[in-house]
Q: 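One structure coming up, written as structure tokens, with questions to follow.
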Amino acid sequence: MTQTSALAGRRVLITRSADRARPLASLLLTLGAEPLVLPLIDFERAEDQASLNAALDQLAAGYFDWMVVSSITTVRVLLEKAAERGTFPANLVPSRTRVATIGPSSQRILEAIGLTVSLAPTDLQSAEGLVTLWEPEPARVLLPQADIAGPGLRDGLASKGAEVTSVTAYHTVDYPARTGLRLEAELPAVVVHSGSAASGTAGSRTGQPQEMTPSEARAAIDAGMLDAVVAASPSAARRIAETLLPLGGCRFIAIGRPTAEEATHLGITVAATAKEPTPDGIAAALETVFVNEGNPR
């Protein structure tokens, strides 16, 4: 006899575009939930391409000891920049240059595009976790980041003796990104969830999740028809605060501590925080919220 998931019948709003929400939506479907998507933020190519190209030239020439990839969106940038040069991301990074990232999910993506990851935290999967693991030593580090990235990672690495070259790799913008500027590179298909929790009754359900507009999501929240909203980043938390408050009975689920801290700063009650930024980790956080509640509908 199969055990019904705590998420059966729950309507979960994922604040990502449909393509980026697909892995989580797929897992939620197998658990009996109804995923919906509300794109709030998007990503555009950096305006200063000259600085980014110069940094990548230095990288390819062996100038840097480390490259730190702090987001999966940066992987899309590496894919696009390599394609512009008629090569692969692995050919942009010399064998002597080590690669670090902020957790297992980004490590899997980087390894899928041919890069060996030398350092990635498994407990505290964040910039803070990476800085904690970083061995103090003089090292030249390339740090391609979003335009809105805070100084914590750069300053943390510098405090460990690193000479950090920080360069804007992409811009975070309100959805949708402008035509011709949106990062379009497709990430490789990797195993992003184990499926171990996917023992619910909806395993045969298929199809794309419904995409909502902010006004439709607002109306659904007011009608009590959304059980949870998932925010993947501090910028998503800010957009939720601008467009969807008050959340009423809709629970806010944060991916990672920085997102939870930003939400709290904005006055949003955080029902749960995913310890791992993976579909399994997010589903586990959702289940902690609903495990002691009955089927909603």
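It should be emphasised that the depicted structure is a prediction, and the values quoted were computed from it without experimental measurement. Atom set for the values below is all heavy atoms of this structure, side chains included, hydrogens, waters and symmetry mates excluded.
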Q: Using a strict cut-off of less than 4.0 Å between a Lys/Arg side-chain nitrogen and an Asp/Glu carboxylate oxygen, indicate whether Lys160 and Glu135 qualify as a salt bridge.
A: no

Q: Under a 3.5 Å distance rule, please check whether Thr97 uses its side chain to pair with a backbone N or O of Asp65 as donor and acceptor.
A: no

Q: Is Glu34 salt-bridged to Arg11, going by a charged N under 4.0 Å from an acidic O?
A: yes

Q: Roughly how far, to the nearest 0.5 Å, is NZ of Lys81 from CG of Leu59?
A: 13.0 Å

Q: Are Tyr170 and Ser71 close enough that a side-chain donor and a side-chain acceptor fall under 3.5 Å?
A: yes

Q: With side chains defined as the heavy atoms from C-beta onward, is the minimum distance between Ser235 and Ile148 less than 4.5 Å?
A: yes

Q: Calculate, to the nearest 0.5 Å, the distance between atoms CG and CG belonging to Leu52 and Leu142 respectively.
A: 8.5 Å

Q: Under 3.5 Å, side chain of Ser26 to main-chain N/O of Arg22, donor-acceptor pair present?
A: no

Q: Hey, quick one: are Leu187 and Phe88 part of the same hydrophobic cluster, counting side-chain heavy atoms closer than 4.5 Å, chains of contacts allowed?
A: no

Q: Side-chain contact, heavy-atom cut-off 4.5 Å: Thr73 with Thr172?
A: no

Q: List the atom of Ala283, the atom of Leu27, and the distance in Å for their closest heavy-atom pair.
A: CB-CD2, 3.9 Å

Q: Quick check: closest heavy atoms across Arg85 and Leu56, and the distance to 0.1 Å?
A: NH2-CB, 3.6 Å

Q: I'd like to know if the side chain of Asn53 reaches the main chain of Gln49, judged simply by a donor and an acceptor atom lying under 3.5 Å from each other, with no hydrogens or angles considered.
A: yes

Q: Check Arg238 with Glu242, please: is the shortest side-chain N to carboxylate O separation under 4.0 Å?
A: no

Q: Do Arg20 and Asp42 sit within salt-bridge range, that is, some charged N less than 4.0 Å from a carboxylate O?
A: yes

Q: So how far is it from Leu244 CG to Leu13 CG, rounded to the nearest 0.5 Å?
A: 7.0 Å

Q: Main chain of Gly103, side chain of Ser106: is a donor-acceptor contact present, judged purely on distance under 3.5 Å?
A: yes

Q: For Glu111, is there an ion pair with Arg108 - N to carboxylate O distance below 4.0 angstrom?
A: no

Q: So do Thr273 and Phe252 actually touch side chain to side chain, heavy atoms under 4.5 Å?
A: no

Q: Restricting to non-hydrogen atoms, name the atom on Thr243 and the atom on Arg239 that form the minimum distance, rounded to 0.1 Å.
A: OG1-O, 2.7 Å

Q: Between CZ of Arg251 and CG of Leu286, what distance do you get to the nearest 0.5 Å?
A: 10.5 Å

Q: For the side chain of Arg16 and the backbone of Ala231, is there at least one donor-acceptor N/O pair under 3.5 Å apart?
A: no

Q: Under a 4.0 Å threshold between the charged nitrogen and the carboxylate oxygen, would Arg98 count as salt-bridged to Glu137?
A: yes

Q: Which heavy atom in Ala21 sits nearest to a heavy atom in Ile14, and how many Å separate them?
A: CB-CG2, 3.9 Å

Q: Salt bridge check, Arg178 against Glu44: does any charged N sit closer than 4.0 Å to a carboxylate O?
A: yes

Q: Please tell me if the side chains of Leu78 and Met67 come closer than 4.5 Å, counting only heavy atoms from C-beta onward.
A: yes

Q: Would you name the heavy atoms of Gly156 and Ser159 that are closest together and state the gap between them?
A: O-OG, 2.6 Å

Q: For the backbone of Leu7 and the side chain of Ser5, can you confirm whether one donor and one acceptor N or O come within less than 3.5 Å of each other?
A: yes

Q: Is a side-chain N or O of Thr74 found less than 3.5 angstrom from the main chain of Ser70, in a donor-acceptor match?
A: no

Q: Salt bridge (charged side-chain N to carboxylate O under 4.0 Å, His left out), that's the test. Do Arg182 and Asp19 meet it? Break it down for me.
A: CA-CA 13 Å; Arg182 186 176 193 257; Asp19 57 334; 3.6 Å; yes

Q: Rounded to the nearest 0.5 Å, how far apart are CG of Leu38 and CG of Leu40?
A: 4.0 Å

Q: Using modelled atom types only, decide if a donor and an acceptor are shared between the side chain of Arg96 and the backbone of Gly62 within a distance under 3.5 Å.
A: yes

Q: Treat each ILVMFWY residue as a node, draw an edge where side-chain heavy atoms are under 4.5 Å apart, and state whether Val75 and Val167 are in one component.
A: yes

Q: Let me confirm one number: the NE2-CD distance from His265 to Glu261, rounded to the nearest 0.5 Å.
A: 11.5 Å

Q: When you measure from the side chain of Asp174 to the backbone N and O of Ile41, does any donor-acceptor pair fall under 3.5 Å?
A: no

Q: Strictly below 4.0 Å, N to O, side chains only: are Arg76 and Glu186 in salt-bridge contact?
A: no

Q: Salt bridge or not for Asp123 and Lys275, using N-O below 4.0 Å?
A: no

Q: Within the side chain of His171, is there an N or O that forms a donor-acceptor pair under 3.5 Å with the backbone of Glu47?
A: yes

Q: Indicate the atoms forming the closest heavy-atom contact of Ala260 with Val270, along with that distance.
A: O-CG2, 3.8 Å

Q: State, with a plain yes or no, whether a side-chain heavy atom of Val164 is found less than 4.5 Å away from one of Trp66.
A: no

